[in-house]
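Notes for the one structure printed next.
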There are 2 protein chains.
Amino acid sequence: MAVILIADDEVRIRRLVADFLKRDGHTMLEASNGEEAIRLIEEHGEIELAILDVMMPEQDGFSVLRHIREQELTAKLPVMMLTARAEELDQLHGLQSGADDYVTKPFSPLVLCARVKNLLLRAGKSEDSNAHKFGELDIDEIRHEVRLNGEDIGLTPKEYELMIYFKNNRGIALSREKILNAVWGYDYFGDLRTVDTHIKKLRAKLGEYGSKIETVRGYGYRFEV
Amino acid sequence: MAVILIADDEVRIRRLVADFLKRDGHTMLEASNGEEAIRLIEEHGEIELAILDVMMPEQDGFSVLRHIREQELTAKLPVMMLTARAEELDQLHGLQSGADDYVTKPFSPLVLCARVKNLLLRAGKSEDSNAHKFGELDIDEIRHEVRLNGEDIGLTPKEYELMIYFKNNRGIALSREKILNAVWGYDYFGDLRTVDTHIKKLRAKLGEYGSKIETVRGYGYRFEV
DNA sequence: TTAATATGTTCACCAAATATTCAAAATACT
DNA sequence: AGTATTTTGAATATTTGGTGAACATATTAA
């Protein structure tokens with residue numbers, strides 16, 4: 001739905017962000033340092049959002065951001081900053097950097113996706129509805145609740161995020177590892193079986209729709225509309 | 001409900017103001033400098049309110065204001081000035097600049113919205129009711145008070161603004177961050193827990209209606225009609 | 001059928017989020 | 001300036017949720 005640049009020197013992070021945003025239908029461009037980021041932004045006229053890591057070789061995120069804001073053509077480009085530490089966050093605030101949003105590492109990919117959605121909405125680039133209805137199952141992201149036959153089923157935070165993840169990936173088999181990385185964050189190293197426990201609870205709360213979360217034996221789970 | 005121009009060289013501020021006023025149903029036009037502001041005002045005959053930053057490239061806010069007042073067609077246009085410093089405020093007063101209202105940066109978006117509403121009311125352009133009644137809970141923006149069973153419950157300024165924010169966003173889950181940005185101002189970076197404290201007090205004063213402010217665990221709060 | 005492996009289920013302990021209280025700091029009022 | 005009020009976030013209490021071990025059950029392979 002949009003062309004997005006991710007600039008970070010860590011391949012792992014780039015891949016992670018790119019993968020998730022690709023799945024939301026975005027076209028991803030990657031840069032491994034600040035210089036490359038600037039080059040891509042200037043060459044491609046169609047970039048609609050830039051995600052910049054603060055710490056990068058050649059030119060750091062602040063420097064790239066400043067450059068973006070100085071150029072007439074890119075001055076209005078929505079920019080999201082990735083910061084590793086609280087101090088950098090302070091710096092962001094203190095300098096009135098002009099970033100539109102910031103996310104501290106480590107982040108949950110889902111949270112990042114949600115914020116990207118938000119930024120694009122603000123920029124008037126996106127139009128998808130935040131409410132999904134599958135039969136009598138309502139996933140309402142505005143109210144931040146899931147209803148069955150009109151009744152809030154009272155999901156806990158993790159259950160809710162799990163639900164959103166499934167909703168965004170319906171019909172796709174998801175390994176426990178993927179789920180853990182998406183919902184718990186990429187640097188979470190807990191037991192894979194924890195996923196099962198949450199699936200169990202989510203299934204129970206979904207009632208008749210519990211069976212919509214299918215077990216993919218030997219792999220993971222899949223949410224079927 | 002009205003066509004409003006926001007002129008400021010900082011994208012962030014323009015976005016912020018535009019977002020909030022759009023949500024109140026206004027149509028927003030944006031200009032990033034004084035020259036552009038004048039051009040838009042002359043081209044669009046239907047602008048009903050102009051919000052001008054004092055510090056802008058090309059032509060500063062005072063200059064734009066003077067231009068507006070000099071032209072027969074726009075002389076009566078309500079104008080709100082945004083000033084960054086107290087000195088500029090002095091200048092505004094001292095020069096009898098002819099602005100209808102002024103807001104100092106940093107401002108709370110809600111305060112700005114309220115003042116815009118006021119200006120439009122004065123100009124006879126707006127007609128929406130400023131009083132909301134939910135059962136025995138009266139939110140009266142004219143009298144600037146909230147009544148329970150007809151009795152003013154004596155909200156403090158922050159509590160009142162919080163209440164208004166909730167009223168304007170009922171049924172929507174609001175993160176602490178959003179609340180802080182909206183009620184405390186866009187550049188306030190205090191403790192998120194502060195929100196809890198104010199919620200606590202507001203809930204107490206709302207009595208039986210306190211429970212209408214629901215906790216959305218792991219996210220924030222939501223006001224239910 | 002049996003063994004091996006994977007998933008389902010339960011539960012007690014631990015972690016995290018929120019509620020509440022409070023006193024210092026900021027602000028407004030006189 | 002002095003007083004009263006409001007705001008704030010630290011400290012503490014309470015509530016709620018997350019976690020993974022343990023055991024049960026189901027599936028698959030041999």
For [N], does OP1 or OP2 lie under 4.0 Å from any side-chain N or O of [X]?
| X | N | answer |
| --- | --- | --- |
| Arg176(B) | dT18(C) | yes |
| Trp184(B) | dT8(D) | yes |
| Tyr221(A) | dA6(C) | no |
| Arg217(B) | dG17(D) | no |
| Thr156(B) | dT5(D) | no |

Of Glu159(A) and His198(B), whose nearest nucleotide on DNA chain D comes first from the 5' end?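 Its nearest nucleotide lies further toward 5', so the answer is His198(B).
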Does atom [atom1] of [X] have more than 12 heavy-atom neighbours, drawn from other residues, nucleotides or ligands, at distances under 6.0 Å?
| X | atom1 | result |
| --- | --- | --- |
| Glu214(A) | CD | yes |
| Arg15(A) | CZ | no |
| Glu151(A) | CD | no |
| Glu224(B) | CD | yes |

For [X], which contact category applies under a 4.0 Å heavy-atom criterion: base, sugar-phosphate, or nothing?
| X | answer |
| --- | --- |
| Thr194(A) | base |
| Tyr160(B) | nothing |
| Tyr188(B) | sugar-phosphate |

Ignoring hydrogens and geometry beyond distance, is the side chain of Arg203(A) in donor-acceptor contact with the base of dG8(C) at under 3.5 Å?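 Donor-acceptor pair under 3.5 Å: no.
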Partners passing side-chain hydrogen bond (donor to acceptor under 3.5 Å, both in side chains) against Thr156(B) (at least two apart in sequence or in another chain):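 In terms of side-chain hydrogen bond (donor to acceptor under 3.5 Å, both in side chains), with neighbours along the sequence ignored, Thr156(B) is linked to Glu159(B).
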Taking Arg23(A) for the side chain and Asn169(A) for the main chain, is one N or O donor matched with an acceptor at less than 3.5 Å?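 Looks like no, no N/O pair under 3.5 Å.
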Which letter, B, S or -, goes with each nucleotide of nucleotides 21-30 of chain C from 5' to 3', with contact meaning a protein heavy atom under 4.0 Å? B---------
Would Val116(B) and Ile51(B) satisfy side chain to side chain contact (heavy atoms under 4.5 Å, CB included), going step by step from the backbone distance to the final call? CA-CA 9 Å; Val116(B) 163; Ile51(B) 304 174; 4.0 Å; yes
Using whole Å, report how far CD1 of Ile213(B) lies from P of dA19(C).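 Distance check: Ile213(B) CD1 to dA19(C) P gives 11 Å.
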